[in-house]
Amino acid sequence: QWIFEKMFEKGIAYRGKTLSNWCPTDQTVLANEHVENGLCWRCGDTVVQKEVEQWFLKITDYAEKLLWNKDGNGVEWPKSVMAAQNDWIGRKQGIEITFPVILGNEVTPESFKDGSWTSQDDVLTVTVFTTTPINFGATFIVVAPEHPILKKITTPEQKNAVEKYIQEASEKTEIDRMSEGKEKTGVFTGSYAINHVNGEKIPVWVADYALIKFGTGAVQGCPGHDQKDFEFAKKFGIPTPRVIVGPHGETGPITEKADQVKSYVKAGVMMNSGFLDGIEFTEAMEKTKDYFEAKGWGKRVVTYHLHDWSVSRQRYWGTPVPMIHCDTDGMVPVPEKDLPVNLPYDVDYQPKGRAPLETNEEWMNVSCPKCGGPAKRDPETLDTFFDSAWYYYRYIDPQYSKGPFDPKEVAELMPVDIYFGGGEHTLGHTLYARFFTKFFKDLGLVDFDEFAKKRVQHGIVLGPDGNKMSKSKGNVINPDDLVKEFGTDAVRVYLSFMMPYNATGPWAPGAMYGMFRFLKRVWDLQYKLKIEDSTMTNEDLFHMHTAIKKVGEDIEDIKFNTAVAHMMKWLNYLESKQTVGQEEFMNFLIILSPFAPHVTEELWQLQRLTDSEAKDVPFVSIHQQAWPSYDEKLIVSDTVVVAVQVNGKLRDTIEIKNEKIKMQNEAEELAMKSEKLQAHLEGKSVKKVIYVPGKILNFVVS
RNA sequence: GGGCGAGUGGUGGAAUGGUAGACACGAAGGUCUCAAAAACCUUUGAUCGUAAUUGGUCAUGUGGGUUCGACUCCCUCCUCGCCCACCA
């Protein structure tokens with residue numbers, strides 16, 4: 001609530017009225033992110049568009065700061081997340097072009113033709129946004145059904161048809177629009193715009209493929225070079241001229257489909273385009289923008305696909321919006337000393353199209369903090385994503401009472417080192433969380449830009465049939481059943497071992513028993529334990545230190561599957577021995593403990609009881625032990641095996657002493673003794689010998 | 001339509017320019033047992049046959065390229081998965 005009030009103070013939180021996603025069952029507004037395929041994410045009802053007044057967060061003010069740059073803003077986040085977020089923010093550089101509109105089919109005023117028209121003139125106008133102003137190819141304009149200009153430009157003859165179309169569009173649900181596919185619909189308004197570049201009259205249509213939420217809610221149709229515009233023009237008999245010569249000289253008439261602009265970006269050249277003829281496409285677009293700006297008919301702009309975050313909910317369960325509405329003073333924040341505003345219990349929870357908190361009169365009626373007169377609380381609650389956008393700051397010191405979080409502690413511990421989670425949070429939660437952090441930075445509360453240094457996304461375990469687990473498909477594996485049969489540790493080891501952390505794949509049921517067997521073998525290791533036997537051979541040391549190193553590194557790299565594999569390898573070695581020393585035993589348990597916490601703890605205590613010296617030492621859990629260290633020197637053996645190749649194909653291996661590892665002639669001398677190598681060199685001449693110390697020796701022959 | 005990712009034995013996977021298949025699962029054969037289970041041992045990419053204690057050849061979706069050397073890097077195409085989408 002304190003954060004919300006700061007946002008209100010800075011103009012980031014504001015009350016607005018727009019067309020919003022509305023769930024008829026839950027009787028609440030939904031964010032775009034919470035409409036899944038046109039359905040409410042909670043109840044599955046079909047979402048409709050409804051104009052509602054509500055609270056917004058001006059996340060669009062942070063659009064630029066939320067963009068990821070090429071070096072990932074100095075943090076380590078998955079490329080897929082950065083790409084998806086940038087795409088969602090949708091920064092586009094383009095131009096807004098204002099067209100004069102003449103009502104009906106009047107004769108085109110001369111002033112439009114000779115270019116003396118200026119936007120200051122008292123004429124009707126419609127403004128479109130485009131990234132690629134192919135204006136010599138523009139043959140119509142489409143405005144969204146919700147566009148206010150329609151009231152002004154629709155001619156009396158077309159009034160009924162247009163109004164009917166608008167009405168139908170407003171009743172369409174997201175689902176309707178999608179199930180209708182891409183079939184274009186629309187109605188002529190009866191009016192024309194003047195295409196500045198050639199003085200031609202082009203019809204203005206209303207069509208729902210223009211979306212009020214994007215750009216200016218109006219589009220210029222360039223059907224020769226845009227697929228959607230082409231489909232529309234074709235259906236309604238509008239000309240589809242081509243104005244770009246393709247990279248391979250294509251100039252023929254368009255019959256089947258538009259020539260997509262993107263294929264021309266590199267090589268296309270303008271034609272039938274007046275002053276642009278012969279100019280390369282990209283340059284022509286810039287020249288067109290210059291032209292419109294110079295004439296005062298257009299303005300270069302940057303637009304974003306991102307929209308402000310609709311943040312208030314007409315639900316009971318949530319953080320109350322800490323505002324008071326006063327007839328005299330308007331919206332007044334609840335004074336800081338009265339925070340937090342607690343959620344009242346005595347309310348009617350049932351959705352009735354208004355916020356449930358409103359039903360508690362006693363709670364609702366307060367006096368205005370400014371004038372003391374009668375006022376009402378804001379009855380809405382905040383989207384839960386508001387809370388999850390900053391919880392990790394609070395977790396650092398949940399007892400802190402002087403503000404939402406302790407800036408000192410936060411300075412010490414934040415940003416988060418690794419933030420684990422699912423890909424479903426890419427466009428919601430993690431974007432919001434980044435937004436909050438950037439807001440905190442502007443408030444001077446933190447001095448970093450990104451809340452998490454590293455983001456790691458887990459994969460998804462699919463059902464055995466390869467589909468996402470779902471009750472309706474009956475392919476759900478219940479972990480509880482597996483735990484009952486094999487124990488939690490075996491299930492944990494299985495999940496770690498069977499696939500990379502971030503991989504998605506089906507549950508492979510067969511392998512589960514193997515994990516149980518692995519832990520059973522670990523358990524049996526206790527019978528080989530000899531506390532008093534402290535001597536370790538070089539081989540013992542090699543295996544132990546290798547495992548400690550590899551397992552530690554793999555855990556750091558979130559490669560749990562290979563970490564487990566290394567432990568299995570070490571176990572195989574330990575089993576092959578007559579006895580296992582205490583140091584080996586303890587270290588094995590410690591590095592296994594994150595994966596199998598229960599079995600290892602049990603064995604840890606067992607070895608304590610066996611060790612007469614340790615018996616009297618107070619209980620210390622295995623999970624409180626330091627991670628063992630390793631000695632790099634013990635991992636290197638006295639000799640290394642070098643592969644001997646002929647033309648890159650393995651023919652033999654040689655063993656070379658460590659201290660001679662860098663001496664190519666030593667290696668060559670050794671290799672020449674190989675009969676197998678000689679057999680492959682026979683009758684050929686050696687052109688070159690490539691030696692990679694300690695790895696390969698390659699004879700290039702011909 | 002756009003973005004991101006993946007394609008390696010019967011299966012899950014390992015190897016990110018240097019000995020492809022680590023580590024497991026499964027399978028086959030064996031030991032033990034009256035028998036089975038469990039456990040343990042051996043074998044396990046394909047293929048050739050001159051049967052090798054260390055044989056040859058072919059193999060990482062397809063076709064090309066770079067390199068002494070490519071699962072790995074570059075280009076073509078194919079298939080699958082996930083996310084976004086009448087985004088002007």
Side-chain angles (χ1 to χ4, degrees), chain A residues 78-84 86-88 90 92 94 128-133 142 144 177-178 180-185 207-211 213-222 226-229 231-232 260-262 303-306 423-424 426-427 457 459-460 462 466-468 493-494 497-500 502-515 517-518 520-521 524 559 561-569 571-572 575 641-653 674-676 679-680 687-702:
Chain A
K79 205 179 148 194
S80 60
V81 174
M82 297 194 288
N86 277 359
D87 189 50
W88 188 253
K92 289 195 179 70
V128 303
F129 172 78
T130 180
T131 52
T132 49
V142 167
R177 286 200 181 194
M178 269 183 273
E180 279 167 16
K182 312 286 185 204
E183 180 68 20
K184 298 288 179 290
T185 59
D208 65 4
Y209 88 88
L211 303 174
K213 287 183 181 179
F214 300 130
T216 58
V219 202
Q220 57 177 16
C222 304
D226 179 89
Q227 190 57 33
K228 294 189 301 291
D229 293 344
E231 286 164 16
F232 186 83
Q260 295 296 301
V261 167
K262 65 177 178 182
T303 66
Y304 299 91
H305 170 252
L306 184 72
E424 72 273 17
T426 297
L427 300 180
Q457 291 193 155
I460 304 166
L462 306 173
N467 292 308
K468 236 183 194 176
V493 173
Y494 174 84
F497 180 64
M498 281 324 290
M499 54 175 85
N502 60 359
T504 292
W507 177 264
M512 189 65 235
Y513 187 74
M515 300 306 110
R517 187 157 49 202
F518 166 66
K520 191 170 176 297
R521 285 163 58 206
D524 289 343
K559 287 160 76 178
N561 55 334
T562 48
V564 173
H566 288 301
M567 288 183 287
M568 288 174 167
K569 218 171 177 175
L571 177 67
N572 288 344
E575 277 188 332
V641 176
V642 172
V644 179
Q645 300 179 330
V646 176
N647 287 346
K649 284 197 175 174
L650 179 71
R651 295 304 175 191
D652 202 358
T653 56
S674 158
E675 283 173 27
K676 290 175 70 185
H680 286 276
K687 293 265 151 126
K688 199 156 108 179
V689 181
I690 289 162
Y691 181 59
V692 181
K695 289 197 169 156
I696 60 129
L697 180 67
N698 188 18
F699 290 83
V700 183
V701 302
S702 64

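Just so we're on the same page: letters track the sequence lines, and every chain starts at 1.
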How close do [X] and [Y] get, counting heavy atoms only, and between which atoms?
{"X": "A:D87", "Y": "A:H305", "value": "O-ND1, 4.3 Å"}
{"X": "A:V701", "Y": "A:V646", "value": "CG2-CG1, 3.7 Å"}
{"X": "A:Q220", "Y": "A:D229", "value": "O-OD2, 3.7 Å"}
{"X": "A:A207", "Y": "A:V142", "value": "CB-CG1, 3.6 Å"}
{"X": "A:G505", "Y": "A:M499", "value": "O-CE, 3.7 Å"}
{"X": "A:N561", "Y": "A:F497", "value": "CB-O, 3.3 Å"}

Between atom CZ of A:F129 and atom NZ of A:K92, what is the distance when rounded to the nearest 0.5 Å?
->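 Between A:F129 CZ and A:K92 NZ, I get 7.5 Å after rounding to 0.5 Å.
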Side-chain donor/acceptor of A:D226 to backbone N/O of A:G221, under 3.5 Å |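 It does not hold such a pair.
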Quick one: does A:N698's side chain have a donor or acceptor within less than 3.5 Å of a partner on A:I690's backbone?
->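 The answer is no, because no donor-acceptor pair under 3.5 Å joins these two groups.
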Quick one: which of B:rC86, B:rG13, B:rG18 gets closest to the side chain of A:D208?
->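 Closest of the options to the side chain of A:D208: B:rC86.
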Contact letters for nucleotides 49-61 of chain B, in which S counts primed atoms plus P, OP1 and OP2 and B counts the base, heavy atoms under 4.0 Å = -----B-SSS---
Minimum side-chain heavy-atom gap A:Y209-A:E231 below 4.5 Å =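 They are not in contact (no side-chain heavy atoms under 4.5 Å apart), so the answer is no.
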Just wondering, do A:T303 and A:F214 contact through their side chains at under 4.5 Å, heavy atoms?
->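 Heavy-atom side-chain distance check fails, nothing below 4.5 Å.
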Taking only the side-chain nitrogens and oxygens of A:K559, find out if one of them lies under 4.0 Å from OP1 or OP2 of B:rA15.
->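 So the side chain of A:K559 is within the cut-off, an N or O lying under 4.0 Å from OP1 or OP2 of B:rA15.
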Using the [atom1] atom in both, what is the distance from [N] to [M], to the nearest Å?
{"N": "B:rU72", "M": "B:rU8", "atom1": "C1'", "answer": "12 Å"}
{"N": "B:rU53", "M": "B:rG69", "atom1": "P", "answer": "31 Å"}
{"N": "B:rG64", "M": "B:rG10", "atom1": "P", "answer": "24 Å"}
{"N": "B:rG63", "M": "B:rC77", "atom1": "C1'", "answer": "8 Å"}
{"N": "B:rG61", "M": "B:rA70", "atom1": "P", "answer": "15 Å"}
{"N": "B:rU62", "M": "B:rC78", "atom1": "C1'", "answer": "7 Å"}
{"N": "B:rG26", "M": "B:rA38", "atom1": "P", "answer": "9 Å"}
{"N": "B:rC71", "M": "B:rG2", "atom1": "C1'", "answer": "29 Å"}

Answer with base, sugar-phosphate or nothing: what part of the nucleic acid does [X] contact at a heavy-atom distance below 4.0 Å?
{"X": "A:T504", "result": "nothing"}
{"X": "A:P500", "result": "sugar-phosphate"}
{"X": "A:G217", "result": "base"}
{"X": "A:A83", "result": "sugar-phosphate"}

In Watson-Crick or G-U wobble terms, both distances under 3.5 Å, what is the partner of [N]?
{"N": "B:rG17", "answer": "none"}
{"N": "B:rC86", "answer": "none"}
{"N": "B:rU57", "answer": "B:rA46"}
{"N": "B:rU79", "answer": "B:rA6"}
{"N": "B:rU67", "answer": "none"}
{"N": "B:rG29", "answer": "B:rC41"}

If you pin A:V642 and A:V219 to their nearest nucleotides in RNA chain B, which one's is more 5'?
->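 The answer here is A:V642.
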Assign each of A:F214 and A:L462 to its nearest nucleotide of RNA chain B by heavy atoms, then name whichever residue's nucleotide is nearer the 5' end.
->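 Here A:L462 is the residue nearer the 5' end.
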Evaluate the side-chain contact (heavy atoms from CB on, under 4.5 Å) criterion for residues A:V700 and A:V689: first the C-alpha distance (whole Å), next the side-chain angles of each, then the deciding distance (0.1 Å), finally the verdict.
-> CA-CA 6 Å; A:V700 183; A:V689 181; over 6 Å; no
Separation of atom [atom1] in [X] from atom [atom2] in [N], rounded to whole Å:
{"X": "A:N86", "N": "B:rC83", "atom1": "CG", "atom2": "C1'", "result": "15 Å"}
{"X": "A:L306", "N": "B:rC84", "atom1": "CG", "atom2": "P", "result": "15 Å"}
{"X": "A:Q457", "N": "B:rC4", "atom1": "CD", "atom2": "P", "result": "15 Å"}
{"X": "A:I460", "N": "B:rA6", "atom1": "CD1", "atom2": "C1'", "result": "14 Å"}
{"X": "A:H305", "N": "B:rA88", "atom1": "NE2", "atom2": "C1'", "result": "11 Å"}
{"X": "A:F518", "N": "B:rA39", "atom1": "CZ", "atom2": "C1'", "result": "17 Å"}

Distance under 6.0 Å and angle within 45° of the ring axis: does A:K184 meet both against A:F232?
->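 No, a cation-pi geometry is absent between A:K184 and A:F232.
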Please write out the pairs of protein N or O atoms and N or O atoms of nucleotides 22-27 of chain B separated by less than 3.5 Å, giving the distance to one decimal.
{"unit_1": "B:rA22", "atom_1": "O2'", "unit_2": "A:K569", "atom_2": "NZ", "d": "3.1"}
{"unit_1": "B:rA24", "atom_1": "OP1", "unit_2": "A:N572", "atom_2": "OD1", "d": "3.3"}
{"unit_1": "B:rA24", "atom_1": "OP1", "unit_2": "A:N572", "atom_2": "ND2", "d": "2.7"}
{"unit_1": "B:rC25", "atom_1": "OP1", "unit_2": "A:R517", "atom_2": "NE", "d": "3.3"}
{"unit_1": "B:rC25", "atom_1": "OP1", "unit_2": "A:R517", "atom_2": "NH2", "d": "2.6"}
{"unit_1": "B:rG26", "atom_1": "OP2", "unit_2": "A:R517", "atom_2": "NH2", "d": "3.3"}

Are any protein N/O atoms closer than 3.5 Å to N/O atoms in nucleotides 63-65 of chain B? If there are, list each pair with its distance.
none

Listed by chain and number, what are the salt bridge (Lys or Arg N to Asp or Glu O under 4.0 Å) partners of A:K520, not counting sequence neighbours?
->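 Partners of A:K520 by the salt bridge (Lys or Arg N to Asp or Glu O under 4.0 Å) criterion, ordered by chain and then number, come out as A:D524.
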Quick one: sort the A:Y494 and A:W507 rings into parallel, tilted or perpendicular, breaks at 30° and 60°.
->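 Plane angle between 30° and 60°, so tilted.
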Syn or anti for B:rG9 (syn when the glycosidic angle lies within 90° of 0) =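 Base orientation: syn.
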Which atom pairs link the protein and nucleotides 66-72 of chain B when you take only N or O atoms and keep those under 3.5 Å?
{"unit_1": "B:rC68", "atom_1": "O2'", "unit_2": "A:N698", "atom_2": "ND2", "d": "3.4"}
{"unit_1": "B:rC68", "atom_1": "O2", "unit_2": "A:N698", "atom_2": "ND2", "d": "2.5"}

Contacts of A:A84 that satisfy side-chain contact (heavy atoms from CB on, under 4.5 Å) - sequence neighbours left out |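 Applying side-chain contact (heavy atoms from CB on, under 4.5 Å) to A:A84 gives A:T426, A:L427.
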